[in-house]
Amino acid sequence: MKIISIHAQSFGKLSGVNLALKDGVNVIQNVNGFGKTTMASFIRAMLYGFTYKTAGGVKDSSRFAPWQSSGLFGGSMTVEHDGQTLRIERFFGATAKNETLTVTNDKTGKPIDLGGLQPGEFLLGLTADSYDRSAYFPQEAVELSSNDNFDNRLGNLIQNGADDYDKIQEKLRAYKKNYRFERGNGGVIYELDCKRRELLQRQADEERAERRAAEIENTLNEIEQEKQTLLNQQEQYTVKQRQLQREVAASQASPEEQRAAERLAELEEKIRRIPPEFDRDVGRCESIANELANFKEEKFVKKISKWTLIWYAIPIIIGVVAAILGITGVVSQSFINEGISLIVSGVVVAVFGLVVDYLLWRKSRHNTTNAENKQKELLAQYFGIVRKYVYVDGEDLDTAKQRLWDAYKKYGEDVRERDTLRSVMKAPSADSQMTENALNDINRALNDLAERLNALSMQVGQLTTERKGLTFDSVSIQDELLNVAEQRKQAEFEYEVADTVSRLLAEAKDNLSSSYLPRLTSRCSELLSGITQSDYAVVIDRSFNVRIREEGQTRDMSAFSRGIREITLLCFRVALSELLYDGDIPFIIIDDAFVNFDESNFLRATRLLKQLSTHAQVVYFTCHDRLGELLK
């Protein structure tokens with residue numbers, strides 16, 4: 001590939017700038033501020049575009065936006081590639097969605113399909129990073145800032161090849177991770193496995209549902225057969241029931257007999273509910289009532305008889321009268337003494353009588369208490385017995401007696417009536433009894449059949465409802481399983497491909513230094529010795545650390561002058577470019593990259609570019625008059 005012409009319609013400070021390039025060396029010489037670096041950046045932007053992200057505090061879209069307007073900016077570049085003339089037309093905006101890109105055949109106007117690649121990737125086979133480190137020599141690529149050293153610059157140059165490798169490996173890891181996580185669960189394969197397990201579970205559920213539906217169908221058929229058998233039995237029993245009902249009706253008793261039988265059954269049930277010891281309990285109650293009737297109630301306080309009091313008072317009265325008469329002089333003193341004696345005797349007799357009465361009162365009181373307790377006990381026994389037959393709570397003894405007697409009287413009447421009915425009722429004949437028994441058996445059998453038929457109908461309803469709720473489509477699930485298996489097979493294949501690519505890349509990286517490192521080292525040493533006319537040899541290890549061997553001694557780059565370090569970098573880039581294109585370099589763009597070379601080294605460097613221009617297009621931007629061997 002070579003560049004034929006450039007048209008910067010609007011790009012940074014460039015506006016309407018046209019530039020035609022030729023084979024060999026092209027020197028674009030002008031003062032500082034003209035836009036040489038901007039033109040070099042324009043060529044790169046046509047091939048690779050630029051990022052819209054902020055880097056170093058500024059975005060490329062802002063850095064190269066036209067100074068005089070805020071609209072789209074860009075232009076076109078015409079190149080020759082494989083015998084065809086192609087036109088790259090590209091315009092940029094504030095964001096990536098505003099960018100437009102067309103690549104057409106300049107003669108036919110037919111669009112060129114880049115296959116999703118950038119024009120530089122399509123035409124040069126280089127990524128933007130590889131382009132920056134081989135064909136493109138901006139001035140800042142060789143200038144060293146105050147805190148940088150040459151080893152870092154060279155390390156960055158080569159390391160970006162490793163960076164590309166690392167980026168690819170990272171993309172491969174991300175691609176593989178999309179299918180299967182390195183740790184834990186996740187990825188398309190895991191999700192397909194989960195889906196397969198889910199489908200297998202669904203398939204098992206569907207198969208269980210299908211088996212259950214078959215079981216229900218068999219059960220329903222069995223129930224239908226059983227129902228038919230039971231209905232046949234029911235029909236036979238119904239015929240037999242009607243026959244027996246007619247026979248029982250023919251042997252049935254008259255209405256009077258039926259009423260008598262009903263009355264007898266009523267009396268027997270009534271008498272059955274009465275305790276059988278009713279007669280004995282009534283006798284006990286009569287005995288207790290007689291004992292209560294014969295019980296003599298005594299007064300709690302015994303009164304003293306008035307005659308006893310008079311008897312006690314007579315001697316006292318006589319003595320008092322005698323004493324009064326003696327005091328009045330009516331009787332003699334001896335009579336008075338007699339009276340006093342009578343008074344004393346009367347008091348003694350009265351005291352003695354009172355003591356005897358008190359003792360008799362205490363005895364009477366004790367007997368009364370015992371009698372009351374006995375009476376209460378007898379009443380409790382009486383009411384305890386009576387309550388078995390009648391309700392007497394809160395009633396007195398007489399009322400309880402009357403209610404018990406009424407109940408006992410009614411009981412006797414019921415027993416006599418029952419016995420009378422028993423004597424007049426005719427016992428059923430053996431044949432009629434057998435007929436009734438047979439009818440009862442038939443009725444029970446029909447009831448059992450009805451219950452069984454009802455249970456079967458309920459079971460049919462339940463099974464029918466369950467069967468309606470069963471859904472199964474094992475064929476569809478099998479298709480899904482086959483589809484998942486196919487997807488998983490494809491995913492495994494793609495994962496294995498990515499894994500194989502990653503492994504082969506790792507192997508290729510290991511083999512790269514073994515295959516190309518000697519050639520790179522040899523060519524870099526050859527170029528360095530040719531430019532410097534010194535016996536220098538470049539030593540590059542597998543980690544792309546560059547050292548220089550002089551007079552048999554190998555030393556780090558920091559041990560050499562700035563000029564030697566920059567010349568070594570130039571030689572390395574040329575050697576790397578030749579290695580990338582197998583000696584056929586398409587073009588090299590240099591943006592004042594040799595400002596730090598002394599005169600002799602500058603001449604030798606330009607002589608090298610002149611030699612390269614025989615098979616590569618060289619575009620040299622500079623603001624200096626020093627051109628060395630470029631135009632010879």
Side-chain angles (χ1 to χ4, degrees), residues 1-31 34-50 64 73-91 101-107 112 118-126 128 131-132 134-139 141 573-574 577-578 580-581 584-594 605-632:
M1 170 195 156
K2 69 177 181 179
I3 303 173
I4 298 175
S5 63
I6 299 171
H7 171 65
Q9 179 174 320
S10 179
F11 193 84
K13 64 172 64 178
L14 302 178
S15 178
V17 175
N18 294 298
L19 183 64
L21 301 179
K22 60 183 180 179
D23 294 345
V25 176
N26 294 268
V27 177
I28 291 70
Q29 184 179 20
N30 215 317
V31 296
F34 169 72
K36 301 181 300 300
T37 301
T38 304
M39 180 61 74
S41 298
F42 176 82
I43 296 174
R44 186 190 186 282
M46 289 295 104
L47 293 173
Y48 295 100
F50 51 69
F64 296 113
F73 57 97
S76 62
M77 184 168 70
T78 304
V79 301
E80 182 182 313
H81 177 70
D82 291 340
Q84 292 182 325
T85 302
L86 306 180
R87 176 183 174 85
I88 304 171
E89 187 174 297
R90 197 165 199 165
F91 287 90
L101 169 65
T102 59
V103 179
T104 58
N105 188 307
D106 197 42
K107 292 182 179 180
I112 303 299
Q118 290 287 349
E121 295 173 338
F122 179 80
L123 299 172
L124 299 174
L126 297 176
Y131 169 83
D132 290 340
S134 59
Y136 182 40
F137 288 73
Q139 184 177 3
R573 292 182 73 110
V574 171
S577 297
E578 290 178 342
L580 287 173
Y581 289 98
D584 189 15
I585 301 174
F587 66 84
I588 297 176
I589 298 176
I590 302 171
D591 182 15
D592 244 352
F594 303 153
T606 55
R607 185 180 303 119
L608 173 61
L609 293 180
K610 187 66 174 178
Q611 294 172 2
L612 292 175
S613 69
T614 58
H615 57 273
Q617 188 179 42
V618 176
V619 181
Y620 186 82
F621 292 96
T622 182
C623 62
H624 301 282
D625 293 332
R626 186 174 65 165
L627 299 177
E629 300 285 331
L630 288 175
L631 297 181
K632 288 187 180 180

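If you run side chain to side chain contact (heavy atoms under 4.5 Å, CB included) between Leu123 and each of Asp82, Ile112, Leu86, only Leu86 comes through.
At least one donor-acceptor pair under 3.5 Å links the side chain of Gln617 to the backbone N or O of Ile3.
With contacts defined as side-chain heavy-atom distances shorter than 4.5 Å, the pair Ile6/Ile43 qualifies. Contact annotation: the side chain of Leu627 approaches that of Gln29 to within less than 4.5 Å [non-hydrogen atoms, C-beta and beyond]. Residues Phe621 and Thr37 are not in side-chain contact: their nearest non-hydrogen atoms beyond the backbone lie 4.5 Å or more apart. The side-chain heavy atoms of Val618 and Val27, taken from C-beta on, include no pair separated by under 4.5 Å. Between Leu21 and Ile28 there is a side-chain heavy-atom pair separated by less than 4.5 Å. Inter-residue side-chain proximity for Lys36 and Cys623 is flagged as met; some heavy-atom pair is nearer than 4.5 Å.
Rounded to the nearest 0.5 angstrom, Arg90 CZ and Leu47 CG are separated by 8.5 Å. If you take CD1 on Ile590 and CG on Asn26, they are separated by 11.5 Å, rounding to the nearest 0.5 Å. We find the NE2-CG distance between His7 and Leu14 to be 11.0 Å, quoted to the nearest 0.5 Å.
Legend: residues meeting salt bridge (Lys or Arg N to Asp or Glu O under 4.0 Å) with Asp106, ordered by chain and number and at least two apart, are absent.
Listed here is the closest heavy atom pair of Ala45 and Phe11: CB-CZ, 4.0 Å. Taking all atoms of both residues into account, the shortest heavy-atom contact from Gln118 to Gly49 is OE1-N, 4.3 Å.
Aromatic ring pairs are classed by plane angle as parallel below 30°, tilted from 30° to 60° and perpendicular above 60°; the pair Phe50 and Phe73 is parallel.
Among residues at least two apart or in separate chains, there is no salt bridge (charged side-chain N to carboxylate O under 4.0 Å, His left out) pair with a member in residues 613-624. Sorted by first then second residue, the salt bridge (charged side-chain N to carboxylate O under 4.0 Å, His left out) pairs that include residues 605-617, not counting sequence neighbours, are Arg607-Glu629.
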